[in-house]
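Down below is the structure, laid out as structure tokens.
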Amino acid sequence: MSDERKTLEQRAQMTDIERFRHSAAHVLATAILKIWPEAQFAAGPPVENGFYYDLELDHRISPEDFEKIEAEMKKEVKANHPFERVAVSRDEALAMANRGVLGALGERSSPSKFKLDIIQNIPEGEEISLYRNGEFTDLCAGPHVMRTGNIGAFKLTHVASAYYKGDEKNPQLQRIYGTAFKNKTQLDEYFAMLEEAKKRDHRKLGKELELFTFDDDVGPGLPLWLPRGAAIIDELEKLARETEFAAGYQRVRSTNLARESLYIKSGHLPYYKESMFPPMEVHETGDRKPETGEAEDLSEIRNPKSAIKYYLKAMNCPHHHKMYAALPRSYRDLPLRLAEYGTCHRYEQSGELFGLMRVRSLQMNDAHLYMTPDQFESEFNAVNEMYLKYFKLFGIDRYVMRFSTHDPARLGEKFVDEPELWKQTEDMTRGVLQRAGINYVEVPNEAAFYGPKIDVQVWSAIGREFTIATNQVDFAQPRRFNLVYKDRDNTEKTPLCIHRAPLGTHERFIGFLIEHYAGNFPLWLSPEQVRILPIGDEAPLLNYSRAILDELRSHQVRAVLDASTDHIKAKISNAEQMKVHTMLVIGARDMEANAVSVRVHGKGNLGAKPREEVIADLLSSIKDRRA
RNA sequence: GCCGACGUAGCUCAGCUGGUAGAGCAACGGUUUCGUAAACCGUAGGUCACGAGUUCGAAUCUCGUCGUCGGCUCCA
């Protein structure tokens with residue numbers, strides 16, 4: 001295993017399916033060694049839907065090799081070797097690793113170096129065991145299935161790379177992923193499910209539904225929102241505005257860049273610099289000067305300090321803190337809730353970019369709440385309630401609340417060095433969560449640098465986990481910014497701050513919603529809410545259709561008229577493919593009755609209805625944001 | 001950032017071991033006036049991501065750059 005070694009207790013609890021997936025990893029290693037005996041193996045655990053094994057090998061394993069490897073695996077399964085457990089002493093294990101027999105088919109000239117390292121990291125006193133299947137022996141705590149023949153249906157899926165023990169300072173290994181199920185039927189179902197998931201992929205739907213695009217000249221991770229995508233953004237912002245207004249928030253606007261000094265004060269530069277775009281240098285005179293440019297005259301060389309660095313903002317908080325500081329604050333002003341759908345830029349590593357889910361330019365549903373300590377609980381609860389209200393509206397029910405705390409070992413490096421405040425705020429937050437009866441998992445070492453946080457984790461269509469929303473406690477920045485309020489007793493005190501973004505960022509949230517709805521947005525969110533489809537293109541019919549179009553638009557409904565010469569079947573097909581929510585099919589019969597025929601995406605033809613009734617229904621559904 | 005794979009018309013893709021690019025849909029021009037998922041005919045559209053190199057000849061081979069994807073690391 002990697003540095004996150006499972007305890008023996010956890011291993012004993014491995015499910016049957018995990019056991020045989022883990023056993024399949026041993027069989028994979030056996031097969032690879034038959035072909036490449038020099039391969040050095042590291043860790044090969046079961047994972048969701050399958051297993052992997054990390055190995056070091058000069059030959060680059062490619063998908064073309066899979067057939068060959070699978071054939072060897074099948075031989076091993078067919079041989080039905082028992083998995084034999086052997087307990088050994090630490091010295092024996094080390095000696096075996098030195099003879100190269102661990103993760104191997106027999107003795108080798110070079111030691112089993114990763115196994116050696118793993119043995120050295122096994123805590124003193126813990127039993128060390130080996131597992132054998134056929135000629136293959138591996139260092140392994142188990143457990144396994146009884147025999148290789150018990151392994152059901154499997155298939156190798158992809159090769160990737162992984163750092164040994166997940167540390168980028170360690171060597172990179174090849175990771176071979178496979179998937180394994182009890183039988184062929186379940187395996188086939190799994191692949192069918194993957195095919196379905198691909199259809200939901202927001203990158204695919206985003207292109208097909210013309211929601212957003214990326215362009216090489218604009219830059220990687222910088223999405224361009226097309227009109228249909230921007231329509232969704234507008235609806236989300238409207239939702240946030242209404243919700244926050246009702247909850248006593250005030251909207252503010254801040255700039256997209258600021259001087260270096262702001263981010264030094266906030267602590268972002270020391271803790272967050274890697275994730276920020278490099279600075280722009282601006283001279284006091286106002287002349288821009290690239291860092292590497294040649295000096296134009298001596299005065300510049302003599303005054304190198306005249307350049308001032310500006311950074312694109314990666315977070316809205318420092319700006320909001322400055323707004324707090326702009327006026328004298330009394331305890332009577334608190335809680336103060338400043339909200340902004342702020343645009344931020346983060347220099348994410350190129351390999352981390354992923355469609356809309358991980359971008360470099362993002363608009364965050366941000367707000368900062370400043371409060372006295374005794375207001376914390378009710379503010380924090382109100383924020384959580386806002387989350388839950390949103391999730392209910394969108395029908396999001398598969399999520400996990402993750403309470404992220406600090407790691408005392410990394411104070412001053414990853415986390416601000418305030419051990420007492422960490423303890424206080426973490427206890428306070430944990431207490432609020434427990435009293436509110438919220439289900440959560442606690443994860444150490446994942447906090448923000450300025451305080452503990454609660455993230456809401458969701459999964460993309462292809463199974464990647466993302467933080468969709470966040471609620472963070474900040475005890476560090478208010479002090480750094482000298483934010484104070486005058487309390488009842490006429491003394492100045494430092495407020496607590498909550499950073500929260502229940503709708504996350506437009507990019508990630510919409511990316512998620514595209515997959516969540518599979519592109520079939522509810523009427524209120526639908527990029528094109530109504531398309532009017534006249535049967536034929538005769539003038540009276542078009543006039544009637546236009547009148548309905550104008551009426552809908554006058555009520556801010558996103559409606560479109562298809563006045564093309566396509567046949568009605570083609571018009572319907574086009575609208576269905578674009579997942580237009582409501583189609584109003586209008587023929588001569590409808591016009592004469594002052595009616596429209598309603599067709600709803602996914603529901604088919606609902607028949608003719610009076611024009612007024614249909615329009616009234618559409619308006620109320622949009623207003624109530626009905627699913 | 002690292003390892004690997006990939007990059008052909010707006011989209012989806014074909015183009016074998018090098019001989020100089022093709023289909024369907026979309027677009028455009030006509031014809032069609034059609035009641036619930038694709039009417040017919042025609043036209044146009046590509047420096048084969050970009051830049052070097054090998055070769056008589058490169059979409060095809062090599063190298064580099066950019067981008068995308070699968071992972072790792074990281075995160076809203």
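Source: prediction; values computed, not measured. Every chain is numbered from 1 and lettered A, B, ... according to where its sequence line falls, protein lines coming before strand lines.
By the 5.5 Å and 30° criteria, A:His158 is not stacked with the base of B:G70.
Residue-level contact check: A:Gly607 touches neither bases nor backbone, having no heavy atom under 4.0 Å from any strand. Looking at heavy-atom distances under 4.0 Å, A:Glu348 makes contact with a base.
Side chain of A:Lys609 to backbone of A:Ala595: no donor-acceptor contact under 3.5 angstrom is found. Distance alone, capped at 3.5 Å, is enough to place a donor-acceptor pair between the A:His202 side chain and the A:Leu356 backbone.
Between the side chain of A:Glu352 and the base of B:C75, no donor-acceptor pair under 3.5 Å is found. Taking 3.5 Å as the limit, the base of B:G1 and the side chain of A:Tyr163 contain a donor-acceptor pair of atoms between them. Contact annotation: side chain of A:Ser161 to base of B:G71, donor-acceptor pair present below 3.5 Å.
Taking every side-chain heavy atom of A:Gln472 into account, B:A76 is the closest of B:C72, B:A76, B:U36. Distances from the side chain of A:Asp537 to the nucleotides B:U33, B:G1, B:G35 place B:U33 closest. Closest contact between the side chain of A:Ala570 and the listed nucleotides B:A38, B:G1, B:A76 involves B:A38.
Side chain to side chain, A:Gln477 and A:Asp474 meet the donor-acceptor criterion of an N or O pair below 3.5 Å.
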